[in-house]
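Report on the structure given below.
Residues: numbered from 1 along the sequence shown. Just so you know, these numbers come straight off a predicted model, no measurement behind them.
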Amino acid sequence: MEKMKLDRLSELTAISRSRELTDAEQAERKVLRDEYRQGVVANLTAQLDNTVILRADGTRIMVKDLKHSGEGS
């Protein structure tokens with residue numbers, strides 16, 4: 001998320017602590033929050049997809065491969 005958008009989200013949150021947000025501000029904050037969440041989920045997914053589990057026998061398993069094989073259950 002762009003710094004400008006993140007700053008605006010922080011600004012709206014600060015405003016909401018001192019007064020109730022207008023309908024337009026609430027809608028803007030919802031859009032910004034949703035965008036922020038999507039970015040967090042995408043970053044976490046990418047990080048997990050590149051995580052390797054090293055088993056005691058020395059074999060390596062990519063976490064993304066476990067999601068598809070059902071082996072992680």
Side-chain angles (χ1 to χ4, degrees):
M1 173 178 250
E2 299 169 17
K3 180 170 177 11
M4 187 175 85
K5 288 182 178 181
L6 193 55
D7 289 345
R8 178 63 178 156
L9 180 56
S10 296
E11 180 183 341
L12 289 168
T13 300
I15 291 170
S16 73
R17 291 187 183 121
S18 61
R19 68 166 171 83
E20 192 162 329
L21 296 175
T22 65
D23 289 342
E25 289 170 332
Q26 287 177 7
E28 180 184 7
R29 185 169 73 164
K30 182 183 181 326
V31 168
L32 291 170
R33 280 180 169 174
D34 290 345
E35 184 179 333
Y36 178 78
R37 274 190 210 105
Q38 289 172 350
V40 169
V41 169
N43 287 337
L44 180 57
T45 300
Q47 184 176 356
L48 289 174
D49 283 348
N50 290 301
T51 299
V52 176
I53 297 173
L54 181 60
R55 290 194 168 164
D57 65 1
T59 58
R60 298 170 150 252
I61 300 171
M62 296 291 293
V63 170
K64 66 181 174 185
D65 295 337
L66 290 177
K67 291 191 295 187
H68 301 293
S69 71
E71 190 177 331
S73 308

Can you check side chain to side chain contact (heavy atoms under 4.5 Å, CB included) on N43 and Q47, steps first, answer last?
-> CA-CA 6 Å; N43 287 337; Q47 184 176 356; over 6 Å; no

Please name all residues satisfying salt bridge (Lys or Arg N to Asp or Glu O under 4.0 Å) with [X], sequence neighbours left out, ordered by chain then number.
X   : value
R33 : none
D23 : none
R19 : E25

Answer whether the closest heavy-atom distance between the side chains of E20 and Q26 falls below 4.5 Å.
->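 Yes. Closest side-chain heavy atoms under 4.5 Å.
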
Residues 56-63, side-chain donor-acceptor partners within the protein, below 3.5 Å, at least two apart:
residue, atom, partner, partner atom, Å
D57, OD1, T59, N, 3.0
D57, OD1, T59, OG1, 2.7

Pairing residues for [X] by the side-chain hydrogen bond (donor to acceptor under 3.5 Å, both in side chains) criterion, not counting sequence neighbours:
X   : answer
E35 : K5
N50 : none
S16 : R29

Going by side-chain heavy atoms closer than 4.5 Å, which hydrophobic residues are tied to V41, directly or by a chain of links?
->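 Direct or chained contacts put V41 with none.
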
Other than L48, which residues form its hydrophobic cluster under the rule that side-chain heavy atoms must be closer than 4.5 Å?
->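 Under the 4.5 Å side-chain rule, L48 groups with L44.
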
Atom pair [atom1] ([X]) and [atom2] ([Y]), whose distance is rounded to the nearest 0.5 Å:
X   : Y   : atom1 : atom2 : value
M4  : L9  : CE    : CG    : 13.0 Å
T45 : Q38 : OG1   : CD    : 11.5 Å
L32 : E11 : CG    : CD    : 10.5 Å

Apply side chain to side chain contact (heavy atoms under 4.5 Å, CB included) to L21 and E28, showing your working.
-> CA-CA 10 Å; L21 296 175; E28 180 184 7; over 6 Å; no

With hydrophobic residues grouped by side-chain heavy-atom distances under 4.5 Å, do V31 and Y36 end up in a single group?
->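 Hydrophobic grouping puts V31 apart from Y36.
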
Name all pairs fulfilling the salt bridge (Lys or Arg N to Asp or Glu O under 4.0 Å) condition that reach into residues 37-47, sequence neighbours left out, sorted by first residue then second.
-> D34-R37

